[in-house]
Amino acid sequence: MPLGKNDDMFNKRIKIRELLATEPAGQEVTVMGWVRTFRNNQFIALNDGSTNNNLQVVLELGKFPEETLKRITTSASLKITGTIVPSLGKGQKMDLNAATLEVLGDSDAEKYPLQPKKHSLEFLREIAHLRFRTNTFGSVFRVRHSLAFAIHQFFNEKGFVYMHTPIITASDAEGAGEMFRVTTLPIDGTAPKNEDGSINFKEDFFGRSTNLTVSGQLEGELGATAFGEIYTFGPTFRAENSNTTRHLAEFWMIEPEMAFYDLEDNMNLAEEFIRYIIKYAMEHNREDLEFLSQRLAEEEKALPQDKRSEMGLIEKLEFVLNNNFERLTYTDAIEILRESNHNKKKKFQYPVTGWGMDLQSEHERFLVEKHFKKPVILYNYPAAIKAFYMRQNDGCAPGQQTVAAMDILAPGIGEIVGGSQREERQENLENRMKEIGIPVEELWWYLDTRRFGTVPHAGFGLGFERMVQFVTGMTNIRDVIAFPRTPGSAEF
RNA sequence: UCCCCUUUAGCUCAGUUGGUUAGAGCAUCUGACUGUUAAUCAGAGGGUCGUUGGUUCAAGUCCAACAGGGGGAGCCA
């Protein structure tokens with residue numbers, strides 16, 4: 001097939017987003033897209049997914065045969081050639097006066113489920129394979145794309161190495177929740193067994209028991225202690241029976257891991273990172289964000305006054321760009337919560353008992369949404385409520401051992417980032433592992449980072465879908481991933 | 001996994017203290033009109049009231065179980 005011969009190409013179309021940015025001056029163009037509405041047997045609102053804005057195609061009366069007009073139904077796909085002129089109508093700046101029109105694919109109007117009207121997000125979730133054709137999901141997924149792209153750009157500019165950590169892992173040593181087992185052994189009870197009756201995984205595909213990854217962090221630390229700075233960005237799986245608006249069984253996570261970073265460096269990076277990708281979306285997806293902002297405002301009209309956001313979506317994002325996150329220690333947070341009127345009036349479901357307690361989401365929400373009214377970074381948590389690999393802080397008061405952990409809490413979402421400086425001292429790390437029953441032998445490869453040239457290092461994990469929720473204002477996490485996997489649900 | 005709410009036409013919803021033939025808007029179809037903007041106007045078709053069982057002379061309506069959906073909690077990202 002000859003290359004570079006544009007005349008032979010089927011697709012010489014101009015994208016509608018690009019076309020709408022030009023001035024209408026009688027130019028001849030070809031567009032392709034899907035019908036959103038067909039009014040008056042004369043006006044087609046054509047959408048090609050490049051933007052929520054439709055192109056108005058004008059059909060001269062009598063020019064096209066009746067049989068063709070009948071086929072211009074919602075979501076039918078069309079190829080149209082014609083000239084671009086200033087619109088005579090008020091809703092748009094240009095019209096495409098159609099010279100030729102070809103129906104590429106019909107769409108049976110009686111069966112097509114989307115209508116030119118408002119649909120509930122719940123209904124659209126049931127037709128997740130078609131919901132991209134709506135304005136809301138068009139905007140959400142274009143923004144999701146931009147955020148993903150910005151993430152790579154941010155780390156690339158900083159010289160981080162993008163590391164692909166394994167999806168299938170053998171380590172189940174982290175104790176981070178339920179895992180999905182990966183096996184080729186039969187499930188009908190005929191799998192080979194050991195003498196004690198347990199499954200003999202030596203006979204399995206990998207010769208051992210394997211699972212889908214719950215985090216790439218431990219592998220990430222291996223990369224960081226060689227490249228200096230790495231990040232992962234990939235799918236993560238949790239088999240927890242969580243049924244909430246912010247949990248998925250399959251989600252995407254970004255996990256940077258940096259050698260020669262302490263906790264403060266870590267917080268600085270996380271904050272800069274979040275701001276960078278929001279800014280990127282604000283600059284590249286302004287229209288989509290404005291649409292989503294309007295959608296959210298509309299949705300919140302149905303809520304009682306006290307449940308509505310104080311800021312609009314755009315306003316909130318600008319606020320995050322222009323204001324530093326509030327940073328405070330766990331210990332200070334407990335004090336604030338204890339002294340709050342909310343607590344004194346016993347309005348917390350879980351009373352603030354004092355130092356050492358795990359913060360409940362109502363406490364986090366109080367700090368973020370009521371007290372500080374901005375994103376908050378909490379750090380230096382009690383060791384007892386945090387993971388084994390977090391660095392033990394020196395010089396803690398007796399009975400108040402803390403670790404160099406930090407969580408970033410966002411309004412409306414809750415925890416969006418969890419990170420820490422890692423325990424780089426081999427002895428401390430091993431002692432801690434033994435204390436909480438994590439098999440030291442199984443993680444021999446991880447501990448090698450501490451054996452051979454250990455360095456202070458830190459990292460964090462950011463839930464991508466929660467970030468997309470924050471930026472798009474979508475309240476249910478199932479609406480920011482194309483095909484959500486949740487307990488009891490894996491359609492499509 | 002626990003608690004609460006919910007399920008009526010393709011969609012969004014009404015449906016009274018249990019009482020005759022279950023309604024509306026939008027969508028769809030037919031026709032009219034033709035510079036429309038979720039076009040408008042006229043007409044038509046469309047329902048095993050989530051499923052199963054129970055109470056009752058009588059159940060869309062009351063009760064129970066199950067299933068789907070939503071919200072909250074826990075776990076976390």
Side-chain angles (χ1 to χ4, degrees), chain A residues 36-45 53-62 69-70 73-74 85-92 95 97 107-127 134-135 174-178 214-217 233 235-255 270 302-303 307 348-350 358-365 385-387 407-410 413-419 460-470 475-481 486-489 491:
Chain A
R36 280 287 172 84
T37 62
F38 185 33
R39 285 185 292 269
N40 228 355
N41 238 1
Q42 202 180 355
F43 301 97
I44 303 169
N53 296 315
N54 302 320
L55 176 68
Q56 171 151 289
V57 179
V58 182
L59 309 185
E60 195 184 313
L61 285 168
L69 297 182
K70 283 241 187 284
T73 53
T74 306
V85 297
S87 180
L88 300 176
K90 279 195 176 145
Q92 56 284 317
D95 287 347
N97 284 336
S107 173
D108 186 340
E110 282 191 75
K111 295 191 180 130
Y112 186 66
L114 291 169
Q115 305 153 22
K117 62 168 268 190
K118 197 168 237 172
H119 290 291
S120 68
L121 295 174
E122 290 81 6
F123 171 66
L124 293 172
R125 229 170 270 153
E126 286 169 20
I127 50 166
T134 63
N135 283 338
E174 287 177 68
E178 291 296 306
V214 293
S215 162
Q217 183 203 311
F233 184 2
T236 308
F237 308 87
R238 306 266 167 97
E240 268 140 30
N241 193 4
S242 302
N243 295 287
T244 78
T245 53
R246 52 191 190 285
H247 288 88
L248 290 164
E250 176 182 293
F251 63 101
W252 288 66
M253 190 153 62
I254 297 102
E255 294 180 289
L303 298 176
K307 298 251 174 167
F348 285 123
Q349 192 192 334
Y350 295 86
D358 210 347
L359 295 179
Q360 305 294 320
S361 52
E362 60 172 342
H363 302 135
E364 296 180 347
R365 272 209 311 278
I385 58 173
K386 286 290 178 183
D407 284 355
I408 301 183
L409 311 175
I413 314 281
E415 186 177 343
I416 198 163
V417 163
F460 62 85
L462 176 134
F464 185 52
E465 282 76 17
R466 288 189 185 172
M467 192 66 217
V468 180
Q469 277 188 279
F470 184 73
T475 48
N476 193 316
I477 201 166
R478 290 161 207 156
D479 295 330
V480 298
I481 188 166
T486 52
S489 171
E491 186 82 35

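Labels below follow one simple rule: chain letters A, B, ... track the order of the sequence lines, proteins then strands, and each chain is numbered from 1.
Contacts of A/N54 classified as side chain to side chain contact (heavy atoms under 4.5 Å, CB included), with partners at least two apart in sequence or in another chain: A/R36, A/A45, A/N47. Residues that satisfy the side chain to side chain contact (heavy atoms under 4.5 Å, CB included) test with A/E122, not counting sequence neighbours, are A/S120, A/R125.
Each of A/Q115 and A/Q42 has a nearest nucleotide on RNA chain B; the 5'-most of these lies closest to A/Q115.
With a 4.5 Å cut-off on side-chain heavy atoms, A/Q349 and A/E362 count as touching. Using a 4.5 Å heavy-atom threshold, the side chains of A/Q42 and A/L61 count as touching. The shortest distance between side-chain heavy atoms of A/R39 and A/Q56 falls below 4.5 Å. When side chains are defined from C-beta on, A/N97 does not count as touching A/E60, because their heavy atoms never get closer than 4.5 Å. Looking at heavy atoms from C-beta onward, A/V214 lies out of side-chain contact with A/E240 at the 4.5 angstrom threshold. The shortest distance between side-chain heavy atoms of A/R246 and A/Q469 falls below 4.5 Å. In this structure, the side chains of A/F251 and A/F464 stay at 4.5 Å or more apart for every pair of heavy atoms.
As rounded to the nearest Å, B/G43 and B/U6 have C1' atoms that lie 36 Å from one another. Nucleotides B/A9 and B/C13 place their P atoms 11 Å apart, quoted to the nearest Å. Going from the C1' atom of B/C2 to that of B/G19 covers 40 Å, rounded to whole Å. Annotation: B/U61 and B/A38 have their P atoms spaced 40 Å apart (nearest Å). The separation of B/G54 from B/G10, taken at their P atoms, amounts to 28 Å, rounded to a whole angstrom. Remark: the separation of the C1' atoms in B/G68 and B/U51 is 10 Å, to the nearest Å. When the P atom is used for both B/U55 and B/G45, the distance is 39 Å, rounded to whole Å. On the C1' atoms, B/G60 is 11 Å away from B/G47, given to the nearest whole Å.
In this entry the distance linking CD1 of A/I44 with C1' of B/U36 reads 12 Å, nearest Å. Rounded to whole Å, the distance from CG on A/L114 to P on B/U12 is 12 Å. Straight-line distance from the CZ atom of A/R36 to the C1' atom of B/A27: 16 Å, rounded to whole Å.
At the heavy-atom level, A/F123 lies under 4.0 Å from the strands shown only through sugar-phosphate atoms.
A/N241 and A/N243 share a donor-acceptor pair across their side chains, judged by distance under 3.5 Å alone.
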N/O contacts under 3.5 Å, protein versus nucleotides 37-41 of chain B?
from: B/U37; atom 1: O4'; to: A/R39; atom 2: NE; distance (Å): 3.1
from: B/U37; atom 1: O2; to: A/Q92; atom 2: OE1; distance (Å): 3.1
from: B/U37; atom 1: N3; to: A/Q92; atom 2: OE1; distance (Å): 3.3
from: B/U37; atom 1: N3; to: A/Q92; atom 2: NE2; distance (Å): 3.3
from: B/U37; atom 1: O4; to: A/K90; atom 2: N; distance (Å): 2.8
from: B/U37; atom 1: O4; to: A/Q92; atom 2: NE2; distance (Å): 3.4
from: B/A38; atom 1: N3; to: A/P116; atom 2: O; distance (Å): 2.4
from: B/A39; atom 1: OP2; to: A/T37; atom 2: OG1; distance (Å): 3.4
from: B/A39; atom 1: OP2; to: A/R39; atom 2: NH1; distance (Å): 2.6
from: B/A39; atom 1: N6; to: A/N40; atom 2: OD1; distance (Å): 3.2

Give every pair of a protein N or O atom and an N or O atom of nucleotides 71-77 of chain B that lie under 3.5 Å apart, one pair per line with the distance.
from: B/G71; atom 1: OP1; to: A/N476; atom 2: ND2; distance (Å): 3.1
from: B/G71; atom 1: OP2; to: A/N476; atom 2: ND2; distance (Å): 3.3
from: B/G72; atom 1: OP2; to: A/T245; atom 2: OG1; distance (Å): 3.4
from: B/A73; atom 1: OP1; to: A/S361; atom 2: OG; distance (Å): 3.4
from: B/A73; atom 1: OP1; to: A/R365; atom 2: NH1; distance (Å): 3.0
from: B/A73; atom 1: O2'; to: A/Y350; atom 2: OH; distance (Å): 3.2
from: B/G74; atom 1: OP1; to: A/Q360; atom 2: OE1; distance (Å): 2.7
from: B/G74; atom 1: OP1; to: A/S361; atom 2: N; distance (Å): 3.4
from: B/G74; atom 1: OP2; to: A/S361; atom 2: OG; distance (Å): 2.8
from: B/G74; atom 1: N2; to: A/N241; atom 2: O; distance (Å): 3.2
from: B/C75; atom 1: O2; to: A/S242; atom 2: OG; distance (Å): 2.7
from: B/C75; atom 1: N3; to: A/H247; atom 2: NE2; distance (Å): 2.9
from: B/C75; atom 1: N4; to: A/H247; atom 2: ND1; distance (Å): 3.4
from: B/C75; atom 1: N4; to: A/H247; atom 2: NE2; distance (Å): 3.1
from: B/C76; atom 1: O2'; to: A/R238; atom 2: NH1; distance (Å): 2.8
from: B/C76; atom 1: O2; to: A/H247; atom 2: NE2; distance (Å): 2.9
from: B/C76; atom 1: O2; to: A/R466; atom 2: NH1; distance (Å): 3.3
from: B/C76; atom 1: O2; to: A/R466; atom 2: NH2; distance (Å): 2.4
from: B/C76; atom 1: N3; to: A/R466; atom 2: NH2; distance (Å): 3.4
from: B/A77; atom 1: OP2; to: A/E415; atom 2: OE2; distance (Å): 3.2
from: B/A77; atom 1: O3'; to: A/I416; atom 2: O; distance (Å): 2.8
from: B/A77; atom 1: O2'; to: A/E415; atom 2: O; distance (Å): 3.1
from: B/A77; atom 1: O2'; to: A/R466; atom 2: NE; distance (Å): 3.4
from: B/A77; atom 1: O2'; to: A/R466; atom 2: NH1; distance (Å): 2.0
from: B/A77; atom 1: N7; to: A/R238; atom 2: NH1; distance (Å): 3.4
from: B/A77; atom 1: N6; to: A/L248; atom 2: N; distance (Å): 3.4
from: B/A77; atom 1: N6; to: A/L248; atom 2: O; distance (Å): 2.8
from: B/A77; atom 1: N1; to: A/L248; atom 2: N; distance (Å): 3.3

Mind listing the side-chain donor-acceptor pairs of residues 107-118 of chain A below 3.5 Å, one per line with the distance, residues two or more places apart or on another chain?
from: A/S107; atom 1: OG; to: A/T74; atom 2: O; distance (Å): 2.9
from: A/D108; atom 1: OD1; to: A/E110; atom 2: N; distance (Å): 2.9
from: A/Y112; atom 1: OH; to: A/S75; atom 2: OG; distance (Å): 2.9

* Based on Watson-Crick and G-U pairs with both distances under 3.5 Å, what dot-bracket line describes RNA chain B 5' to 3', crossing pairs as [ ] and inter-strand pairs as |? -> (((((((..((((.....[...)))).(((((.......))))).....(((((..]....))))))))))))....
* Asked: Going through the distances and angles, do A/N476 and A/T245 end up as a side chain to side chain donor-acceptor pair (under 3.5 Å)?
  -> CA-CA 5 Å; A/N476 193 316; A/T245 53; 5.9 Å; no
